[in-house]
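What follows is a set of notes on a single structure, which appears directly below.
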Amino acid sequence: MKQILVVGLGRFGSSVALTLYKMGHEVLVMDKNSELVQEMADSVTYAVQADATDEAALRSVGIRNFDVAVIAIGNDLEASILATALIKELGVKKVVAKAQNDLHGKILEKVGADRVIYPEREMGVRLAKYLAGTNILEYIELSPEFSLLEVQAPKKLAGKSLRQLNLRARYGITVVAIRHGDKIIVSPNADDLIAEGDLLVVVGETASLDRWEEGLR
Ligand code: ATP
């Protein structure tokens, strides 16, 4: 169980907070708008009305005890940047901040965000991949360069071993797990065979993953 602070109760912040709370984490939400705070009060661990750019307010919620902080302030760039810098400086290990655009994102990184996300853009990429009829079931951007894909093995791969596919040498990507029916093989061996319909969890550079996946269609 983690202690998570979510600042900003727009659509993004509130859905992050509600989901984490439902998963059993301890979630404190903070917004300067008291109506939004009241609406969330019964759906998360704690809800406080406060300005996240106010150091005293952050200290009074015990900011240092949080494992993760999500800064989900969109329109007020100044508040987003100040809150990110302050919360990082006050000792939160992992600070994730939402950006409106590239410049905003770059600044957030400079002031200490460990991860910057662009929800609309990332959702757009996912939807496009889904609509393009790929074998991709799940797509997670781990960093700007690396991703994790969950791909359903097409006929092409059936009966082949990882040694035969030689993905590491050919594409620089790694199969980290294979799901075959109810069975999950974590860190599979070179001689494990793939069957059509198996789920492959693969990590690597996004461009290499795309190149490999395109070849499967
Ligand atoms: P979404 O797209 O997720 O709906 P958004 O990107 O449009 O949201 P905003 O509505 O600008 O984001 O901000 C989200 C919330 O952040 C608002 O409810 C706002 O009250 C809150 N907020 C803005 N500045 C601060 C601050 N300094 N301290 C605490 N909360 C703040």
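Residue indices begin at 1 and follow the sequence shown.
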*Identify whether L90 and V92 are in the same connected component of the hydrophobic contact network (ILVMFWY, side-chain heavy atoms under 4.5 Å).*
yes
_Gap between atom CG of L162 and atom CD1 of I194 - 0.5 Å precision_ = 5.0 Å
*Going only through I, L, V, M, F, W and Y residues with side-chain contacts under 4.5 Å, is there a path from L108 to V96?*
no
*Quick one: does I71's side chain get under 4.5 Å of V95's, heavy atoms only?*
yes
*asked:* Is any side-chain heavy atom of M30 closer than 4.5 Å to one of L58?
replied: yes
*asked:* For a 4.5 angstrom cut-off between non-hydrogen side-chain atoms, does L199 reach Q152?
replied: yes
*asked:* Within this structure, what is the NZ-CD1 distance for the pair K110 and I107, rounded to the nearest 0.5 Å?
replied: 8.5 Å
_If you apply the rule side chain to side chain contact (heavy atoms under 4.5 Å, CB included), what do you find for Y21 with S43, and how did you get there?_
CA-CA 8 Å; Y21 182 69; S43 314; 5.5 Å; no
*State whether the side chain of K156 and the backbone N or O of G215 hold a donor-acceptor pair below 3.5 Å, judged by distance alone.*
yes
*Of all the heavy-atom pairs spanning I73 and S80, show the shortest one and how long it is.*
O-CB, 3.7 Å
*Does some side-chain heavy atom of V48 sit less than 4.5 Å from a side-chain heavy atom of V37?*
no
*At their closest point, which heavy atom of A57 faces which heavy atom of D51, and how far apart are they?*
CB-O, 3.9 Å
*State whether the side chain of T174 and the backbone N or O of V176 hold a donor-acceptor pair below 3.5 Å, judged by distance alone.*
no
*Side-chain touch T84/L82, heavy atoms, less than 4.5 angstrom*: no
*Find out if a path of hydrophobic residues (ILVMFWY) with successive side-chain heavy-atom gaps under 4.5 Å connects V70 to V44.*
yes
*So, R179 side chain and D198 main chain: donor-acceptor pair closer than 3.5 Å or not?*
no
*asked:* Between T45 and L28 (side chain of the first, backbone of the second, donor and acceptor by atom type, cut-off under 3.5 Å), is there such a pair?
replied: no
*Let me see the working for V202 and W212 under side chain to side chain contact (heavy atoms under 4.5 Å, CB included), right down to the final yes or no.*
CA-CA 10 Å; V202 193; W212 170 65; 3.8 Å; yes
*Exceeds 12 heavy-atom contacts within 6.0 angstrom, atom CE of M1*: yes
*With a 4.5 Å heavy-atom cut-off, do Q3 and H25 have their side chains touching?*
no
*Do any N or O atoms from the side chain of E122 and from the backbone of P119 form a donor-acceptor pair under 3.5 angstrom?*
no
_How long is the straight-line distance from CG of D31 back to CD of Q38, given to the nearest 0.5 Å?_
12.0 Å
*Examine distances only and state if a side-chain atom of D76 and a backbone atom of A79 form a donor-acceptor pair shorter than 3.5 Å.*
yes
*Kindly indicate, with the supporting measurements, whether the criterion side chain to side chain contact (heavy atoms under 4.5 Å, CB included) is fulfilled by Y139 and T206.*
CA-CA 10 Å; Y139 168 86; T206 309; 3.7 Å; yes
*asked:* Tell me whether D210 contacts the main-chain N or O of A207 through its side chain, where contact means a donor paired with an acceptor under 3.5 Å.
replied: no
*If you measure from the Lys or Arg side-chain nitrogens to the Asp or Glu carboxylate oxygens, is any gap between D114 and K93 under 4.0 Å?*
no
*Hey, are D67 and K94 close enough for a salt bridge, meaning a charged N less than 4.0 Å from a carboxylate O?*
no
*Roughly how far, to the nearest 0.5 Å, is the CD atom of E26 from the OH atom of Y46?*
5.5 Å
*Check whether V61 and L20 end up in the same hydrophobic cluster, where Ile, Leu, Val, Met, Phe, Trp and Tyr are linked by side-chain heavy atoms less than 4.5 Å apart.*
no
_Please evaluate residues L5 and V68 with respect to the criterion side chain to side chain contact (heavy atoms under 4.5 Å, CB included), reporting the C-alpha separation (whole Å), side-chain torsions for both, the decisive distance (0.1 Å), and the verdict._
CA-CA 6 Å; L5 168 69; V68 183; over 6 Å; no
*Roughly how far, to the nearest 0.5 Å, is CZ of R64 from CZ of R59?*
6.5 Å
*Do P188 and V175 come within less than 4.5 Å of each other through their side chains, counting heavy atoms only?*
yes
*Would a distance-only check, ignoring hydrogens and angles, find a side-chain to backbone donor-acceptor pair under 3.5 Å from E141 to S147?*
no
*List the atom of A99, the atom of Y118, and the distance in Å for their closest heavy-atom pair.*
CB-CE2, 3.6 Å
*Shortest non-hydrogen contact from A195 to H180?*
CB-CE1, 3.6 Å
*Are the charged groups of D102 and R121 less than 4.0 angstrom apart, N to O?*
yes
*Shared hydrophobic cluster, L77 / I117 (ILVMFWY, side-chain heavy atoms < 4.5 Å)*: no
_Any side-chain heavy-atom pair of V201 and L148 under 4.5 Å_ = yes
*asked:* Can you give me the closest heavy-atom contact between Q164 and S161, atom names plus distance?
replied: OE1-N, 2.9 Å
*Drop me the distance from R211's CZ to E205's CD, to the nearest 0.5 angstrom.*
9.5 Å
*asked:* Using a 3.5 Å distance criterion without hydrogens, assess whether the side chain of N101 forms a donor-acceptor pair with backbone atoms of L103.
replied: yes
*Can you name the closest pair of heavy atoms from G13 and A72 and give their distance?*
CA-CB, 3.6 Å
